[in-house]
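None of these values were measured; they are calculated from a predicted model.
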Amino acid sequence: MSQRKHRSSLFLLELILVIFFFSLASAVCIQLFVKAHLTERETEALNRAIPLAESAAEAYHRVSGDLSGLAALFPEGRLNEAGDGFLVFYDEDWHPVEEGAYTLAIVPAEPSPGEPAEGAGRTLRRAVVRVSDADGIIYELAAAVQIPRTVP
């Protein structure tokens with residue numbers, strides 16, 4: 001009878017070890033699935049943000065750097081309160097809304113060192129096109145447009 005009790009305790013110990021290793025393996029697999037899901041969401045947001053930023057940079061070029069002119073090309077957007085940036089908001093499905101999860105911002109960039117200030121013979125207008133969400137910047141693109149000089 002003592003040998004039978006010894007066998008059953010070994011069987012229970014082996015069963016406990018197998019359950020432990022299966023639970024450990026399942027925890028690792030669950031972490032991998034969660035990480036893959038987050039990576040997929042980030043990649044999807046980046047794939048949506050890149051063409052959107054490129055389109056906004058082309059629109060900035062088309063209106064010769066005039067932020068108020070962007071309203072005709074992006075009717076869902078608006079100038080910010082200070083008037084020095086153009087904003088478009090998108091929901092989780094990337095549809096334009098009043099306030100949303102994603103933001104497309106077109107803001108003028110600072111002139112590079114040695115470049116004249118705005119209006120003082122400056123012929124290059126620069127802007128930064130930025131697509132962001134609550135976690136931070138998804139994609140950022142520099143845009144510039146050459147303003148022809150006028151001859152008096």
Side-chain angles (χ1 to χ4, degrees), residues 1-115 117-118 124-146:
M1 186 153 148
S2 146
Q3 196 169 7
R4 191 166 188 214
K5 190 175 184 183
H6 182 66
R7 278 191 211 160
S8 65
S9 65
L10 282 176
F11 176 73
L12 286 176
L13 182 63
E14 184 180 342
L15 189 61
I16 289 171
L17 285 173
V18 168
I19 290 173
F20 172 73
F21 284 118
F22 275 131
S23 63
L24 187 64
S26 66
V28 169
C29 287
I30 289 173
Q31 285 181 345
L32 288 174
F33 281 124
V34 168
K35 195 169 190 172
H37 177 70
L38 292 176
T39 303
E40 185 262 337
R41 285 184 54 200
E42 290 172 0
T43 303
E44 181 183 347
L46 183 62
N47 286 339
R48 297 280 188 131
I50 289 173
L52 189 63
E54 289 174 347
S55 175
E58 288 293 326
Y60 181 78
H61 187 269
R62 175 151 187 204
V63 296
S64 300
D66 180 25
L67 294 178
S68 60
L70 288 171
L73 299 173
F74 289 98
E76 64 275 2
R78 64 178 185 267
L79 288 172
N80 63 2
E81 292 82 20
D84 61 350
F86 190 80
L87 303 172
V88 184
F89 296 99
Y90 297 91
D91 64 7
E92 291 82 16
D93 296 323
W94 294 89
H95 299 296
V97 291
E98 286 295 317
E99 292 289 329
Y102 300 102
T103 305
L104 167 68
I106 305 168
V107 293
E110 296 293 322
S112 59
E115 188 177 355
E118 184 71 38
L124 189 65
R125 286 189 186 159
R126 300 177 193 268
V128 176
V129 180
R130 186 176 299 131
V131 180
S132 59
D133 61 3
D135 297 330
I137 297 171
I138 298 172
Y139 187 70
E140 188 173 81
L141 181 66
V145 61
Q146 184 75 33

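Residue E40 places its CD atom among more than 12 non-hydrogen atoms of other residues, nucleotides or ligands, all under 6.0 Å distant.
For the atom pair N80 CG and I106 CD1, the distance stands at 11.5 Å (nearest 0.5 Å). Between the CG atom of N47 and the CD1 atom of I138 there is a distance of 11.0 Å, given to the nearest 0.5 Å. In this structure, the separation between OG1 on T103 and CD1 on I137 is 11.0 Å, given to the nearest 0.5 Å. Note that the CD atom of Q146 and the CZ atom of R125 stand 11.0 Å from one another [nearest 0.5 Å].
Of the residues F89, Y90, W94, the one that meets the ring pair (Phe, Tyr, Trp, His ring centres under 6.0 Å) test with Y102 is W94.
Looking only at distances, no side-chain donor or acceptor of R126 sits under 3.5 Å from a matching main-chain atom of A142.
Residues L104 and V129 form a side-chain contact, since some pair of their non-hydrogen atoms from C-beta on lies under 4.5 Å apart. S55 is not listed as a side-chain neighbour of L73, based on a closest heavy-atom distance of 4.5 Å or more.
Ion pairing of E92 with R48 is absent here, as no side-chain N (NZ or NE/NH1/NH2) approaches a carboxylate O to less than 4.0 Å.
The closest side-chain donor-acceptor pair between S68 and D66 falls under 3.5 angstrom.
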Contacts under 3.5 angstrom, residues 16-25 side chains, donor-acceptor by atom type, not counting sequence neighbours:
residue: S23; atom: OG; partner: I19; partner atom: O; Å: 3.2
residue: S23; atom: OG; partner: F20; partner atom: O; Å: 2.7

